[in-house]
Number of protein chains: 4
Amino acid sequence: MEPMPRPSNTEHRRGQIVSALRQVMASGGYDGASTAAIAAAAGLAPGLLHYHFGSKEEILIALAEELGVALRARYEKRAARAKSDWERLVALLDAHVALGPDADRDSVVCWVMLGTEALRKPDVRNVVERLYRERLAELTRLVEPLLSGSRRSEASGIAAALLSAIEGAYQLDVLGRIAPRGFAAPMLRTLARALLAEGES
Amino acid sequence: MEPMPRPSNTEHRRGQIVSALRQVMASGGYDGASTAAIAAAAGLAPGLLHYHFGSKEEILIALAEELGVALRARYEKRAARAKSDWERLVALLDAHVALGPDADRDSVVCWVMLGTEALRKPDVRNVVERLYRERLAELTRLVEPLLSGSRRSEASGIAAALLSAIEGAYQLDVLGRIAPRGFAAPMLRTLARALLAEGES
Amino acid sequence: MEPMPRPSNTEHRRGQIVSALRQVMASGGYDGASTAAIAAAAGLAPGLLHYHFGSKEEILIALAEELGVALRARYEKRAARAKSDWERLVALLDAHVALGPDADRDSVVCWVMLGTEALRKPDVRNVVERLYRERLAELTRLVEPLLSGSRRSEASGIAAALLSAIEGAYQLDVLGRIAPRGFAAPMLRTLARALLAEGES
Amino acid sequence: MEPMPRPSNTEHRRGQIVSALRQVMASGGYDGASTAAIAAAAGLAPGLLHYHFGSKEEILIALAEELGVALRARYEKRAARAKSDWERLVALLDAHVALGPDADRDSVVCWVMLGTEALRKPDVRNVVERLYRERLAELTRLVEPLLSGSRRSEASGIAAALLSAIEGAYQLDVLGRIAPRGFAAPMLRTLARALLAEGES
DNA sequence: AATGAATGAGTCTTCATTCAT
DNA sequence: TATGAATGAAGACTCATTCAT
């Protein structure tokens with residue numbers, strides 16, 4: 001009789017490790033996130049990291065993916081309550097920057113750092129680029145119905161402006177002490193409203 | 001007979017080294033910028049770096065300062081030709097992002113990386129924060145005269161929005177392949193126009 | 001009711017593991033033959049290796065023994081067809097180096113590697129030395145009847161010369177591109193003939 | 001005034017390090033020759049190895065080259081005293097295996113180990129193969145004049161046989177306790193004599 | 001017997017910094 | 001000022017071995 005295969009705990013462990021990376025990286029940067037530090041934060045033996053991940057970079061990539069998933073989850077939760085196209089757009093903006101119980105400063109810090117790491121790690125870059133493009137596409141999709149027919153073609157430009165503002169707000173937020181905490185959410189609404197209104201009669 | 005004291009070349013050497021860091025860092029990241037690599041790029045012996053700088057971090061800080069100076073120079077050159085408040089604002093926006101002969105991709109890449117390094121290096125952070133605040137103050141100063149008296153208090157909010165968009169545009173630009181090259185300059189003008197117009201009857 | 005004790009499959013498993021080592025080692029060296037790689041090649045779980053063997057070195061020793069057994073089998077098959085003392089000697093030489101259906105490049109590679117590993121692993125050394133001595137003794141036994149009485153005492157010297165040539169041929173063969181493939185068998189016959197003839201009137 | 005460039009000590013250091021590798025490797029194998037062990041044997045700081053060599057493998061390659069040079073030196077010293085073609089051949093054989101003040105057991109052990117390492121390190125293989133081929137060519141060159149015109153074409157086959165015997169003798173010698181110490185030199189002379197005589201009336 | 005996760009010592013290598021000259 | 005060799009403390013990663021199940 002075949003022995004019952006034990007359920008693999010690899011998924012759970014990978015999650016633990018990715019969380020540990022997020023936590024360590026948020027406070028010490030990717031460089032400060034030595035494998036030893038990650039393992040310690042996860043409460044695991046150092047060698048175990050390379051049992052579940054092929055390299056440190058793979059952990060970083062898994063973190064990037066996870067940030068993408070978490071953002072989408074935050075967005076969908078808010079979008080479910082939205083009653084109009086405008087509210088849906090606001091839901092996406094808020095999913096990125098709103099304070100509140102689901103705000104996650106560590107994730108924002110990691111996201112900013114990922115942008116830098118992506119610059120010279122092709123595999124990271126691929127993932128990060130994809131996530132950027134998905135955000136841009138989603139923004140474009142949400143902006144379009146808010147534009148009068150004659151301005152539909154401006155949707156992607158407006159989306160790019162909004163995405164820029166989001167990413168820049170992350171920078172300012174993460175650095176702290178430059179713009180007040182929580183400035184981003186209202187700023188983005190104003191921005192969206194202004195861009196949508198512009199040119200209308 | 002006393003030998004004639006050689007004139008110090010320290011300033012020149014420091015400049016060489018900072019330039020080498022910019023160059024190496026732009027293509028290989030701060031991690032890739034080993035002191036040996038910087039020295040090689042500068043055509044100097046490795047040991048010389050620590051004669052002119054106390055540590056690698058000091059070189060990074062000097063680079064940050066230099067980026068600030070260069071930006072200001074680009075701005076002032078453009079501002080000199082500006083004939084109105086609006087053109088002065090556009091001059092500052094363009095100084096950041098416009099393509100052209102004085103565009104400097106390496107500097108943009110380094111600036112983005114500095115944002116990350118600042119997160120966990122207090123001395124770097126101080127400089128970077130100061131530079132951010134100076135930009136914000138300058139933007140506010142330029143936005144104010146473009147607002148009707150009743151909206152003067154909105155100036156710093158609008159400035160923060162513009163600064164966010166600038167920094168975000170850097171991210172998108174640096175990563176490449178997300179928004180088209182050169183999208184930032186017109187986007188920022190539109191943004192500024194929309195924010196200034198909004199609320200005006 | 002007592003469960004019927006499963007018949008031990010240890011012998012079968014040990015054989016599987018030793019074969020996997022031969023295969024992995026032939027292509028990746030003893031260093032490349034990590035226990036994980038051996039287990040993978042054998043289609044077994046990593047932990048199982050240490051159930052059937054006390055250590056990695058024990059697997060290596062078992063492989064050495066197996067190479068000795070296989071050589072003897074190849075020799076005996078050929079010796080059975082030999083019709084003269086000379087043909088018996090040729091049978092032994094060919095058992096070592098002849099090309100043909102029972103040639104086994106992996107084994108030759110492993111044998112050469114075993115010679116190196118034996119140098120610093122006493123337990124391996126014991127086995128390898130024993131195998132060398134058995135070959136030398138067998139060669140001496142086969143050479144003796146081919147010598148005239150007055151030269152009987154030269155038999156062990158001639159055997160040593162032949163054994164040297166065999167082992168050296170392995171080296172050259174394994175490295176490839178030095179001597180042509182298949183050069184060893186005729187070379188050894190010539191060598192044997194010359195050594196036996198030398199001094200005969 | 002240009003400062004006088006200090007003479008580089010890199011060549012000296014490289015020599016030291018290669019010697020340390022030979023020594024450590026001879027007693028502990030290539031695996032046992034950790035960079036730490038090599039550095040310790042050379043009396044140097046661990047980090048210095050990678051200042052003078054790009055990798056551990058480069059040290060191994062330098063050792064291979066050095067073994068080639070040393071062998072040639074031993075040969076040329078003996079060849080200078082040779083008074084005939086036959087004595088020149090004997091000089092080469094003895095340069096490989098003769099006991100005496102210039103015999104160097106460590107080098108023989110390392111040479112045998114290099115044969116194994118070459119199997120799976122392409123850069124090592126290239127060097128080792130070249131050295132083998134040079135030996136084969138030199139042997140052929142020395143054997144030719146000793147053959148009557150009609151047998152000239154056999155020279156390379158005889159050279160291959162002699163090279164095999166040399167390499168095999170190394171194996172037996174290195175392993176010890178199989179053939180008596182010093183058996184190789186007379187054995188090779190006999191072999192050479194027999195191969196040259198064979199077929200002559 | 002078997003599994004596969006877990007352990008932790010050990011490997012090669014990199015690098016900021018120091019130092020004798 | 002300048003050189004380039006030297007130092008030694010990390011760093012990521014590997015791996016034989018162990019262990020709970």
Side-chain angles (χ1 to χ4, degrees), chain A residues 1-10 12-13 31-39 44-59, chain B residues 5-10 12-13 31-39 44-59, chain C residues 5-10 12-13 31-39 44-59, chain D residues 1-10 12-13 31-39 44-59:
Chain A
M1 197 177 72
E2 285 294 299
M4 181 120 79
R6 246 173 312 159
S8 166
N9 68 347
T10 277
H12 178 233
R13 281 282 187 255
D31 296 11
S34 66
T35 51
I38 300 169
L44 302 174
L48 204 50
L49 262 62
H50 287 86
Y51 183 79
H52 294 290
F53 286 95
S55 70
K56 194 181 152 186
E57 193 176 311
E58 277 186 24
I59 311 178
Chain B
R6 250 177 308 177
S8 166
N9 63 355
T10 282
H12 178 234
R13 283 281 188 254
D31 296 11
S34 66
T35 51
I38 300 169
L44 301 174
L48 207 50
L49 263 61
H50 283 82
Y51 183 83
H52 293 291
F53 287 95
S55 71
K56 197 181 152 188
E57 193 177 311
E58 281 184 20
I59 311 178
Chain C
R6 251 178 307 177
S8 166
N9 63 355
T10 280
H12 177 234
R13 282 283 187 253
D31 295 11
S34 65
T35 50
I38 300 169
L44 302 174
L48 206 49
L49 263 61
H50 283 82
Y51 184 83
H52 293 292
F53 287 95
S55 71
K56 197 181 151 187
E57 192 177 312
E58 279 183 22
I59 311 179
Chain D
M1 196 177 72
E2 286 294 297
M4 181 119 80
R6 247 172 312 158
S8 166
N9 69 347
T10 278
H12 177 233
R13 281 282 186 257
D31 295 11
S34 66
T35 51
I38 299 170
L44 302 174
L48 204 50
L49 263 62
H50 287 85
Y51 183 80
H52 294 289
F53 286 95
S55 70
K56 194 181 154 188
E57 192 177 311
E58 277 185 23
I59 311 178

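Convention: sequence-line order gives letters A, B, ...; per-chain numbering from 1. Basis for what follows: all heavy atoms, side chains included, without hydrogens, waters or symmetry-related copies.
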Is the shortest side-chain N/O distance from A/T10 to OP1 or OP2 of E/dG4 below 4.0 Å?
no
For [X] and [Y], which heavy atoms make the closest approach, and how far apart are they?
X     : Y     : answer
D/A39 : D/P46 : CB-CA, 3.7 Å
A/T35 : A/L49 : O-CD2, 3.6 Å
C/G32 : C/A37 : O-CB, 4.0 Å

Output the rounded distance in Å from [atom1] ([X]) to [atom2] ([N]).
X     : N      : atom1 : atom2 : answer
D/L49 : E/dC15 : CG    : P     : 17 Å
C/H50 : E/dA1  : NE2   : P     : 18 Å
A/E57 : F/dC13 : CD    : C1'   : 14 Å
C/F53 : F/dT18 : CZ    : P     : 16 Å
D/D31 : F/dA16 : CG    : P     : 11 Å
D/K56 : E/dG10 : NZ    : C1'   : 12 Å

Closest approach to the side chain of D/S34, judged atom by atom: which nucleotide of F/dT1, F/dT17, E/dC12 is it?
E/dC12
Roughly how far, to the nearest 0.5 Å, is OH of C/Y51 from CG of C/L44?
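Output value for this atom pair is 13.5 Å.
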What is the nucleic acid contact for D/A33, judged by heavy atoms within less than 4.0 Å: base, sugar-phosphate only, or nothing?
sugar-phosphate
Using a heavy-atom cut-off of 4.0 Å across all strands, would you classify D/T35 as base, sugar-phosphate, or nothing?
base
Please name all residues satisfying side-chain contact (heavy atoms from CB on, under 4.5 Å) with B/H52, sequence neighbours left out, ordered by chain then number.
B/N9, B/T10, B/R13, B/R14, B/I17, B/L48
Mapping C/S55 and A/G54 onto DNA chain F by nearest heavy atom, which one lands closer to the 5' end?
A/G54
Close N or O pairs between protein and nucleotides 6-9 of chain F (under 3.5 Å):
residue, atom, partner, partner atom, Å
F/dA6, OP1, D/N9, ND2, 3.2
F/dA6, OP1, D/R13, NE, 2.7
F/dA6, OP1, D/R13, NH2, 2.4
F/dA6, OP2, D/R13, NE, 3.3
F/dA6, OP2, D/H52, NE2, 2.8
F/dT7, OP2, D/A45, N, 3.4

Strand DNA chain F in bracket notation, Watson-Crick/G-U under 3.5 Å with | for pairs to another chain:
.||||||||||||||||||||
